[in-house]
Number of protein chains: 2
Amino acid sequence: MKKVDLSACPVCSKLEIDDEEGFLNDLKCSTKAYQKNELIIRQGEVCDALYMLTLGSVKTEMITENGNILGIEIIKAPRPLAPAFLFSDNNHFPVDVTALEEVEIMKIPKAEIVRLMMTKPDFMTSFMTHNANRTQFLTNRLQLLSIKTIKGKVAHFLLENSIRDGKPFEINRNQTELADFFGVARPSLARSLSEMIQEGIISVNKKEFTILDSKRLRQIIV
Amino acid sequence: MKKVDLSACPVCSKLEIDDEEGFLNDLKCSTKAYQKNELIIRQGEVCDALYMLTLGSVKTEMITENGNILGIEIIKAPRPLAPAFLFSDNNHFPVDVTALEEVEIMKIPKAEIVRLMMTKPDFMTSFMTHNANRTQFLTNRLQLLSIKTIKGKVAHFLLENSIRDGKPFEINRNQTELADFFGVARPSLARSLSEMIQEGIISVNKKEFTILDSKRLRQIIV
DNA sequence: TCAACAGTGTAACAGATGTTACACTTTAAT
DNA sequence: ATTAAAGTGTAACATCTGTTACACTGTTGA
């Protein structure tokens, strides 16, 4: 079994462990390998252990890491899979997880996670933070999706990303990706953008946006 | 100060405390009272302590407990306010919180929460579970919102709530509430429902729904 | 019994977005 | 430099949803 790089894992990075080998040996867990295209987790399956992806990459169909709606999220080792669901009352996975290549999954029992959290403050806060960040991400997406008009979404998004009025800022998405992010059709987004440019509310140059009239922009959100 | 009913609080209920008085005295925290209509938390404020509502009720404008979009959520004591954000990297409150009556808020420093979690396993799992449930709730809402057509939302919702094909089941929302839940206009929902009834896919009697053709219902979601 | 009201069905119309198609520009690779 | 591919602007049209309005039903309480 290949050595796991703990420092790269969002929930383990802060662990100060002298004896990494010993730490992993003491951890009660089972490791299982999967072939390419093998189904690792089926939607609805009970989640009673933390699934830690230690090698390879997997895909899940859900809200993706970069925010696209119902797209395919690709997760690379090392990262926990759906850690938030381990403690929920209805502890079922919301999605299928499929191996994209040769994959190793470390399955750590819930009780063991609890033990880790109780004994290692750094692990606990990392784990909490990781989940909290995910929650905040979901909240933001929900706010954006609950805005019904395309112009409203654009306004919300630009106001959230701008530094200050009149100062140009980069959006690291092209128009097609932005449309996916908003969950709208690309030509529809283009139309809305060009109307907002026409009205003198914003200006756009490639991926560089400038807010010209933040007051009117705010009014659009409703 | 009025005595707090710990057993009713979702994150404290499992605490086995002989000396409740002593427990609260040992807890490093500050309590503050607010008048009716007073702003307790401003959107964007830094969240570096757990805000526990110990008395009264507050409102926040966000995704509500019963799932309505951008509605006003009313929270009654005892319940923590936005516990998920305490540990997030970008620890800012996403919403305003306003007192609906005379309110008491117990502000517990993050370090104190960490201490509690480290020393009281029951508190830790309750806290984790509460946050996890919230995450799962958000995930479900996001899935529903990402479906763009009204019929699709209806299909997703009914399939999720039905016991089995052909067996009637109750939805504890009227049509108006259901429309709010989906984030659509009431007449639009009525139209979609009547079309689906016309097509023989479902039948509806007051709040009792029956799935007649689950295959076609599944096709609608897309 | 009656009135008031919430809840529902439905229609006409307006507005927003999706779909499809195509031309044009920019970028990257050869 | 040339070409292919990706990205963008835009138009015409179809479709869906929201808005507004009104009639009808069932429920509730006086």
Side-chain angles (χ1 to χ4, degrees), chain A residues 66-71 141 144-158 168-210 216-217 219-222, chain B residues 66 68-71 144-158 168-210 216-217 219-222:
Chain A
N66 51 14
N68 289 356
I69 298 157
L70 284 189
R141 297 269 39 222
L144 189 66
L145 275 185
S146 68
I147 299 170
K148 282 175 200 149
T149 65
I150 296 181
K151 287 185 184 178
K153 290 175 207 272
V154 171
H156 176 92
F157 179 77
L158 292 182
F169 54 95
E170 284 278 322
I171 298 295
N172 63 344
R173 291 177 154 89
N174 64 33
Q175 210 183 72
T176 307
E177 290 165 346
L178 207 52
D180 282 343
F181 181 69
F182 290 151
V184 301
R186 201 269 310 161
S188 303
L189 175 60
R191 173 173 42 204
S192 293
L193 282 177
S194 71
E195 282 170 11
M196 291 168 85
I197 294 167
Q198 208 67 35
E199 294 162 16
I201 300 175
I202 61 171
S203 73
V204 182
N205 189 337
K206 317 242 172 145
K207 293 181 180 180
E208 190 182 90
F209 288 73
T210 311
R216 270 196 290 167
L217 199 59
Q219 285 171 345
I220 288 176
I221 297 184
V222 179
Chain B
N66 52 13
N68 290 356
I69 299 156
L70 282 189
L144 190 65
L145 274 185
S146 68
I147 299 170
K148 280 173 205 151
T149 65
I150 296 181
K151 286 185 184 179
K153 289 176 207 277
V154 172
H156 177 90
F157 180 76
L158 293 182
F169 53 95
E170 284 279 322
I171 298 295
N172 62 344
R173 289 179 155 89
N174 63 33
Q175 210 183 72
T176 307
E177 290 167 346
L178 207 52
D180 281 343
F181 182 69
F182 290 151
V184 301
R186 202 269 310 162
S188 302
L189 174 60
R191 172 173 43 205
S192 293
L193 283 176
S194 72
E195 282 171 11
M196 290 167 85
I197 293 167
Q198 209 68 35
E199 294 164 15
I201 299 174
I202 61 173
S203 72
V204 182
N205 188 338
K206 316 239 172 147
K207 292 182 179 179
E208 190 183 87
F209 288 72
T210 311
R216 269 196 291 166
L217 199 59
Q219 286 171 346
I220 288 176
I221 298 183
V222 179

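Chain naming here is simple, since letters A, B, ... match the order of the sequence lines and numbering starts at 1 in each.
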One character per nucleotide, please: for nucleotides 7-18 of chain D, 5' to 3', B when the base has a protein heavy atom closer than 4.0 Å, S when only the sugar-phosphate does, - otherwise.
SBBB------BB
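Contact of the A/V154 side chain with the A/L189 side chain is registered, since non-hydrogen atoms from C-beta on lie closer than 4.5 Å.
Annotation: the span from A/L178 atom CG to A/F157 atom CZ amounts to 5.5 Å, rounded to 0.5 Å. Annotation: the span from A/L193 atom CG to A/I150 atom CD1 amounts to 9.0 Å, rounded to 0.5 Å. For the atom pair CZ (A/F181) and OG1 (A/T176), the distance works out to 15.0 Å, reported to the nearest 0.5 Å. In this structure, CZ in A/F182 is found 12.5 Å from CD in A/E177, a value given to the nearest 0.5 Å.
End-to-end axis angle of the helix from C/dT1-D/dA30 to C/dT30-D/dA1, from C1' rotation axes over five pairs per end: 40° (rounded to 10 degrees).
Look at CG on B/D180: it is 13 Å from C1' on C/dG7, rounded to the nearest Å.
For the pair A/K148 (side chain) and B/G183 (backbone), a donor-acceptor distance under 3.5 Å is present.
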Can you list, pair by pair, the side-chain donor-acceptor contacts under 3.5 Å of residues 200-210 of chain A, counting residues two or more places apart and other chains?
none

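Identified under the side-chain hydrogen bond (donor to acceptor under 3.5 Å, both in side chains) test for residues 187-199 of chain B, with sequence neighbours left out: B/K151-B/E195, B/K151-B/E199.
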